[in-house]
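Numbers restart at 1 for each chain; the letters A, B, ... are given by sequence-line order, proteins then strands. This structure is a prediction, so every number in the text was calculated from the model and none was measured.
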Amino acid sequence: MIEKIKGFRDFYPEDMLVRENLFGTMRKCARLFGFLPIDYPSLELLDLFRTKSGDELLSQTYSFTDKGKREVTLIPEATPSTVRLMGSRKDLPRPVKWYSIPKLWRYEEPQSGRTREHSQFNADIFGDSSPEADAEIIGLACETLESLGLKGSFEVRINHRQIMEKIMNMLGTKDLVAGLNIIDRYRKETRENMLEELTQNLGSSKNAGLLIEFLSDKSKASEIAKTIHKHFPSLDLSELVKGIDETIRILESWGYSNLVFDPATVRGLTYYTGIVFEGFDINGKYRSIFGGGRYDNLTGLISGQDMAAVGFGMGDAVLENLLREKELWVIPRERSRYLIIPMKEETRKYALELAGSLRKSGVDCSTMNNVKSLSNSLKSASSGLYTHAIIVGPKEMETGKVTVRDLSSGNQEEKRMDEIH
RNA sequence: GCCGGGUUGGGGUAGUGGGUAUCCUUGGGGACUGUGGAUCCCCGGACCCGGGUUCAAUUCCCGGACCCGGCCCCA
C-alpha cells in the first residue's frame, strides 16, 4: 500500500457531496454579485511569486526545477495568477469582476485548518477604487457564509492600511513594515513581548503603550472615527475614514452584521494599500475563515500597468472545521437516487430497459446486476447510496407499473414509469 | 525547519518478550424462492518502516515516515 503525500487529503463521496455543494454555493453567490469565473494553471513560473514576496514565502512553496530547467511552483496563492490574466487582457471593460476556486499548495507543516493542498474561493475586482467595490468584495464573502448557514456565527474584522500607517508614523516608527508585522501577531503574543517589541520599533515605551491600548480596542465598525479620536485626538484621518465608513454603511444596508473595527487586523502581506479585513468565527476558536483587502499597486508590479484592485480568499479547511462544529457539514438534500432491483432472472433485461428510459428522462439510477432474495437486495440497497429502490418482477412486467420503495421511510407504492423523477 | 502526543484488518478496538493476535463493525459468498433493509452459516482482511538489544520483538530502545495538535509563517 502506497501512502499518500503528507498534508494532502483524499475525499470520499460522503465528503465530496458536501464539498460540491459548498463550491456550488460559492459559485452561486459569486454570480449573484456579478462575478464571472476564470481558471489558470496549477503550475506557474516561480518568478510570478518572486515579484511580490520575499524569501520567506518562496521557501514555503511547492517548487522545483522542471525538465526544461525552468524554476516552477505549484501556485501558493491565487492573486498573482489572477493579476497575470488581467494584465493580458487590456481590452476588457472595467470594472472586471472575477472569481475562481483553485487548489493551492504550500510546503509547510500541516496543522489544524491548514493542509499542504487546499481549495480557496477567490474573488477580485479590478479597475474600481470606490468604497462600493470594497463593499461588494466583503459582501460576497459574507453572503457566501450566510448562504452556508453561518449567519451570526462569524464576524468581519476591518481595518485600513493607510490609517495604521499614519498612526505608526505619528508614533515614530523606525520600520513600518516590521511594525505592522508585530501588530499582526498582537493576539498571539503576551502584552510584555508586545510592549518590548513595539518600544523597540517606535523608540518610545510611552507610544508603544498608547498603541497597545489602541490595538486592544475592538469596536463597532460604525464607530471608527470615534475610536481613533479617543486614542489619538490630534490625528485627522477624516478623509480615510470617510471611505471606509461608506463601505461599512453599504454593507449594513445590505443586512450584513457583525462588522467590527479591529486595529490589530493588518494582514501580513506587504502589498495591501487600503482596506484590509478578515473573517473569524465568533468564538475566535479557528484561524481566519477568509481574508483580503485592497492592493492597488500589485497589478503594476506584475503586469506593468497600475490598476485598482480589491479581493479576498476563503480556504476550505477552516470553513470545514466551522461547518462541522455547527453540524452543517451534511450531505444536502438532493435528487433521488434509484436502485432497480430485478426479482427474477427473467426480469433483468426489463430492469436494464427501465434504467435506460429513466436516464433519458433525467432520473439518476443504477441497476442491481444479480438476482438475490428480496430481503438481501433491500439490504444492499439500504447502504446509503440510494434513496429509493425500484422493484421489478414478473408482476411489474405484466402491469407496466413498478414498485417504488422509499428506503428511508419504508413506504412504497405502485408507480408508472413517467411518475418517477 | 522546530516541539508534544499518537500509529494493531476498510473503520473501531483487546492483548502480549515466545505458540493459529481478541472482539465489534464493514466487505464478499451462501441458506432463506415478492418485502424479517432480518436471522443463521462460511470467507477475506492488521501488529507503519528500518536498525538495535535478545535464543526470540507486534511488544523494549533508537531513527524515519505518516496522523493529530502547537510554534514559525501566513497566501
Describe the nucleic acid contact of [X] in one word from base, sugar-phosphate, nothing, applying a heavy-atom distance below 4.0 Å.
X        : answer
A:Arg185 : sugar-phosphate
A:Gly7   : sugar-phosphate
A:Gly393 : base
A:Ile391 : base
A:Gln120 : sugar-phosphate

Rounding to an integer number of angstrom, what distance separates [N] and [M] when you compare their [atom1] atoms?
N     : M     : atom1 : answer
B:C62 : B:U54 : C1'   : 16 Å
B:A46 : B:A14 : C1'   : 13 Å
B:A56 : B:U13 : C1'   : 27 Å

Regarding [X] and [Y], do their side chains bring together a donor and an acceptor under 3.5 Å, going by distance alone?
X        : Y        : answer
A:Thr403 : A:Glu413 : no
A:Ser219 : A:Asp217 : no
A:Gln111 : A:Arg287 : yes
A:Glu71  : A:Ser63  : no

* Using salt bridge (charged side-chain N to carboxylate O under 4.0 Å, His left out) as the criterion, list what pairs up with A:Asp296, not counting sequence neighbours. =>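 Salt bridge (charged side-chain N to carboxylate O under 4.0 Å, His left out) check on A:Asp296 returns A:Arg294.
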Base-pairing assignment for [N] (Watson-Crick or G-U wobble, both under 3.5 Å):
N     : result
B:C23 : B:G12
B:C40 : B:G30
B:U35 : none
B:U7  : B:A65
B:C2  : B:G70
B:A75 : none

How about [X] and [Y]: do any of their side-chain heavy atoms sit closer than 4.5 Å?
X        : Y        : answer
A:Tyr338 : A:Thr387 : no
A:Leu74  : A:Leu104 : no
A:Arg116 : A:Trp105 : no

So which of [range] are in contact with RNA chain B, with a heavy-atom cut-off of under 4.0 Å?
range                       : value
residues 394-408 of chain A : A:Pro394, A:Lys395, A:Glu396, A:Thr403, A:Arg405, A:Asp406, A:Leu407
residues 314-325 of chain A : none
residues 364-383 of chain A : A:Ser373, A:Leu374, A:Ser375, A:Asn376, A:Leu378, A:Lys379, A:Ser382

So which nucleotide from [options] ends up closest to the side chain of [X]?
X        : options             : answer
A:Arg106 : B:C73, B:G69, B:A75 : B:A75
A:Gln412 : B:U35, B:A65, B:A75 : B:U35
A:Gln111 : B:G34, B:C72, B:C66 : B:C72

* Residues in side chain to side chain contact (heavy atoms under 4.5 Å, CB included) contact with A:Ala123, at least two apart in sequence or another chain ->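 Listed in chain order: A:Phe35, A:Tyr99, A:Ile137, A:Leu140, A:Phe312.
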* To do: For A:Ser383, enumerate each residue passing the side chain to side chain contact (heavy atoms under 4.5 Å, CB included) test, keeping only those at least two apart in sequence or located in another chain.
  =>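 For A:Ser383 the side chain to side chain contact (heavy atoms under 4.5 Å, CB included) partners, ignoring immediate neighbours, are A:Leu385.
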* Asked: Counting only side-chain N and O atoms of A:Arg114, is one of them less than 4.0 Å from OP1 or OP2 of B:C73?
  ->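 No, no such contact exists.
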* For B:C73, take OP1 and OP2 only and decide whether either is under 4.0 Å from a side-chain N or O of A:Lys188. =>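 So the side chain of A:Lys188 is outside the cut-off, no N or O lying under 4.0 Å from OP1 or OP2 of B:C73.
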* **Spatial distance of atom OG (A:Ser81) from atom CG (A:Leu48) [nearest 0.5 Å]** =>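 One gets 5.0 Å once the value is rounded to the nearest 0.5 Å.
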* Mind checking whether A:Trp254 and A:Phe33 have parallel, tilted or perpendicular rings, split at 30° and 60°? ->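 Aromatic pair A:Trp254/A:Phe33 classed perpendicular.
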